[in-house]
Number of protein chains: 2
Amino acid sequence: MGGLMRRPTIMDIAKAAGVSKGAVSYALNGRPGVSEETRKRILGIARDLGWAPSSTARALSPGGRVGAIGLIIDRPAHSLGVEPFFMQLVSGIEMELAITGSDLLLQVTEDHEAEIGAYRRWFAERRVDGVIMVDLRVDDPRVALAEALPLPAVVLGGPHGAGPLPCLYTDDAASIREVVHYLAALGHQRIVRVAGPHGFVHTRDRTRAFEAASAEVGLADAVTVHADYTGEAGARTTRRLLARTERPTALVYDNDVMAVAGLGVAREMGVDVPGQLSIVAWDDSTLCRLVHPPLTAVARDVAACGREAARMLAEAIGGRAVRSRETARGELQPRGSTGPLAG
Amino acid sequence: MGGLMRRPTIMDIAKAAGVSKGAVSYALNGRPGVSEETRKRILGIARDLGWAPSSTARALSPGGRVGAIGLIIDRPAHSLGVEPFFMQLVSGIEMELAITGSDLLLQVTEDHEAEIGAYRRWFAERRVDGVIMVDLRVDDPRVALAEALPLPAVVLGGPHGAGPLPCLYTDDAASIREVVHYLAALGHQRIVRVAGPHGFVHTRDRTRAFEAASAEVGLADAVTVHADYTGEAGARTTRRLLARTERPTALVYDNDVMAVAGLGVAREMGVDVPGQLSIVAWDDSTLCRLVHPPLTAVARDVAACGREAARMLAEAIGGRAVRSRETARGELQPRGSTGPLAG
DNA sequence: CTCAGTTGCTGAACCGGTTAAGCGGCGATG
DNA sequence: CATCGCCGCTTAACCGGTTCAGCAACTGAG
């Protein structure tokens with residue numbers, strides 16, 4: 001007990017139990033090949049010794065898993081700080097991983113190329129068993145990459161553009177429709193959507209749905225302007241929109257950070273929310289409830305999405321064919337930032 | 001080229017080069033034992049084959065490193081979503097890891113016991129070479145644990161309570177002092193600090209510094225109330241404070257999330273900021289600039305802290321003795337949320 | 001009583017690297 | 001000319017697991 005003990009190995013257990021290495025392995029993995037009595041004895045010794053399998057040794061065997069999955073977030077570092085989405089996602093993923101004792105490798109990259117390179121490295125170095133991909137882009141090269149390596153992958157997004165990869169998608173169109181109908185019912189005629197960058201599949205999908213829904217309720221033109229999810233861009237864009245002579249009476253933002261920034265700008269410019277301007281955020285978070293007035297938002301359970309994606313990935317890693325699934329759709333949470341025009 | 005290629009190993013390289021496994025290993029690791037000519041040839045073949053070392057195999061060798069470090073965040077999942085601090089920290093850590101090609105294992109736990117268990121598992125399973133510990137507590141059991149396992153660790157915080165572990169600490173006392181003097185100079189007499197939970201070392205350190213600084217400028221009692229870093233708690237606490245008959249004229253929050261929530265409450269209760277109430281946030285983030293008025297904050301470069309901590313950990317893993325270091329201290333960023341009382 | 005099948009274990013190969021030890025050939029040295 | 005030492009490489013062991021083939025002992029059927 002005095003000095004530093006070497007980490008116990010199955011060989012130590014084997015010696016203590018007076019059996020061979022192989023027998024210990026069978027016993028510990030619940031496989032046939034040892035008597036029930038011997039198994040119990042071996043398990044007892046393993047517990048006493050505080051043994052845990054070396055993940056590296058286990059992974060080395062043919063067909064061995066490393067017991068880790070990867071997630072890469074490719075957003076400018078400064079924008080990322082505030083976005084609650086990813087942390088919620090990570091929490092959800094880890095709930096699932098905790099069950100199997102797997103781990104999450106997280107990487108934050110500055111550009112798309114670095115992200116691709118990171119997947120390549122992870123595969124080549126055998127760092128992960130699979131990955132969850134977020135922020136699917138139009139003609140996303142990651143889809144082909146995952147197939148080519150091959151690296152088990154689940155896409156959070158789609159289903160358009162996910163190709164053969166299993167994906168977990170959300171029917172954003174339905175939510176957009178709900179938002180537009182809601183705002184129209186409040187009497188809004190000039191609704192502008194402040195979206196994320198062009199490249200993302202979900203941006204494009206939402207834009208199309210926004211146009212369709214606007215047509216349904218008889219709005220002349222459904223204008224979508226693009227920003228980059230950062231508070232700065234959200235503020236700048238909002239400032240420009242509110243400076244127009246015919247300024248919009250409702251703004252729909254593609255994330256919570258831009259919506260909060262927009263609210264700040266409205267306040268700064270003396271535009272009353274919701275009296276003169278209604279604001280809707282996408283992806284609810286405590287951030288939306290922190291500000292005053294609290295923001296009406298399209299809420300979905302991001303952690304649950306992460307959990308489900310992790311579950312699907314585990315299946316894919318297990319070699320089973322995984323079917324794409326739809327998540328519960330985002331639901332409109334009306335709060336203080338939306339209402340009819342005052343006066 | 002047709003079918004699925006097996007991942008190339010050094011054995012494949014050895015065959016192609018007509019040398020032994022060992023020679024290839026020497027060549028790839030830049031060690032003596034092969035001629036410069038042979039080395040070049042081997043490196044060329046390795047590149048052509050797209051070879052990368054299997055991290056699991058490499059880690060298995062005696063003295064081998066797994067090439068990964070761990071970070072555990074022990075905060076309630078819902079609070080965590082919004083807190084920009086951790087994401088900035090992660091970005092910083094990864095800047096450093098990118099240099100050596102190491103990876104980050106991130107875990108989010110619900111309680112302190114789970115965190116301890118995760119370190120144990122990581123060590124036993126040989127998942128990480130070392131860890132960065134945040135949110136140091138008074139009499140933190142993690143300090144003894146890291147020594148006992150032994151698991152290389154760097155503490156972000158301290159230096160009190162970090163014991164023998166190297167730590168990267170910030171002189172919060174100086175910043176607190178700056179804040180108190182600044183507010184006193186603006187004429188504030190009733191300053192209340194909305195702090196994090198009792199258990200944290202930095203909470204205690206700041207409380208002491210707050211009391212000392214208040215005495216310096218002749219404030220009767222320096223009141224600190226405790227919350228849990230969440231927006232909800234920040235809002236609740238602020239509501240209670242502003243409802244007092246002799247309500248505070250300045251509030252200093254221990255994180256940005258509570259400060260933003262506090263601003264929302266002030267607005268909701270019709271208390272003008274900064275006319276009737278000044279607000280100071282700790283740990284600046286874009287969140288503070290998003291709201292209106294933008295929050296005066298104590299800013300420090302969190303990403304740089306993460307980077308430095310990762311650097312220190314790399315040294316510790318390398319077996320060198322690491323000296324604790326001090327970071328640049330937080331600097332007060334005066335913005336719109338602070339000023340003299342109006343009227 | 002024989003023979004096949006099962007049970008419970010052992011021994012050894014294997015995964016993909018690292019590294020100590022050994023060894024032939026060469027140039028420099030005495 | 002013999003010897004020493006170094007260079008450049010090979011061989012083999014090792015890390016800590018998994019897994020297959022083999023084998024002795026026992027069981028049950030014919």
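The analysis underlying the following values was restricted to heavy atoms, covering all of them including side chains, and did not include hydrogens, waters or symmetry mates.
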Among [options], which nucleotide has an atom closest to any side-chain atom of [X]?
X        : options                   : answer
Thr9(A)  : dT18(C), dG17(D), dC9(D)  : dG17(D)
Val19(A) : dT10(D), dT10(C), dG16(D) : dT10(C)
Ser54(B) : dG16(C), dC9(D), dT18(C)  : dG16(C)
Arg31(A) : dT19(D), dT18(D), dG17(C) : dT19(D)

- Task: Could you tell me whether the side chain of Tyr26(B) has a donor or acceptor atom within less than 3.5 Å of a complementary atom in the base of dC7(D)?
- Result: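 Donor-acceptor pair under 3.5 Å: no.
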- Query: Counting any heavy atom closer than 4.0 Å, what does Thr38(A) reach on the DNA or RNA strands: base, sugar-phosphate only, or nothing?
  - Reply: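 Since only primed, P, OP1 and OP2 atoms lie under 4.0 Å of Thr38(A), the category is sugar-phosphate.
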- Query: So what does Ser20(A) touch, heavy atoms closer than 4.0 Å: a base, only the sugar-phosphate, or nothing?
  - Reply: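 Base contact - Ser20(A) has a heavy atom under 4.0 Å of at least one base atom.
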May I ask you to verify if any side-chain N or O of [X] is less than 4.0 angstrom from the OP1 or OP2 atom of [N]?
X        : N       : result
Arg58(B) : dG16(C) : no
Trp51(B) : dG16(C) : no
Ser25(A) : dT18(D) : yes
Ser35(A) : dC9(C)  : yes

- Task: Decide whether a cation-pi geometry holds between Arg39(A) and Tyr26(A); the criteria are a distance under 6.0 Å from NZ or CZ to the six-membered ring centre and an angle within 45° of the ring axis.
- Result: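 The answer is no, since Arg39(A) fails at least one limit relative to Tyr26(A).
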- So is Arg75(A) actually on top of Phe86(A)'s ring, under 6.0 Å and inside 45° of the axis?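 That pair does not qualify as a cation-pi contact.
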- Query: With a 3.5 Å cut-off and no angle check, do the side chains of Asp103(A) and Trp122(B) form a donor-acceptor pair?
  - Reply: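 Yes, because at least one side-chain N or O of Asp103(A) sits under 3.5 Å from a partner of the opposite role on Trp122(B).
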- Message: Distance check needed: dG17(C) P versus Leu60(A) CG, whole Å only.
- Response: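 Distance check: Leu60(A) CG to dG17(C) P gives 9 Å.
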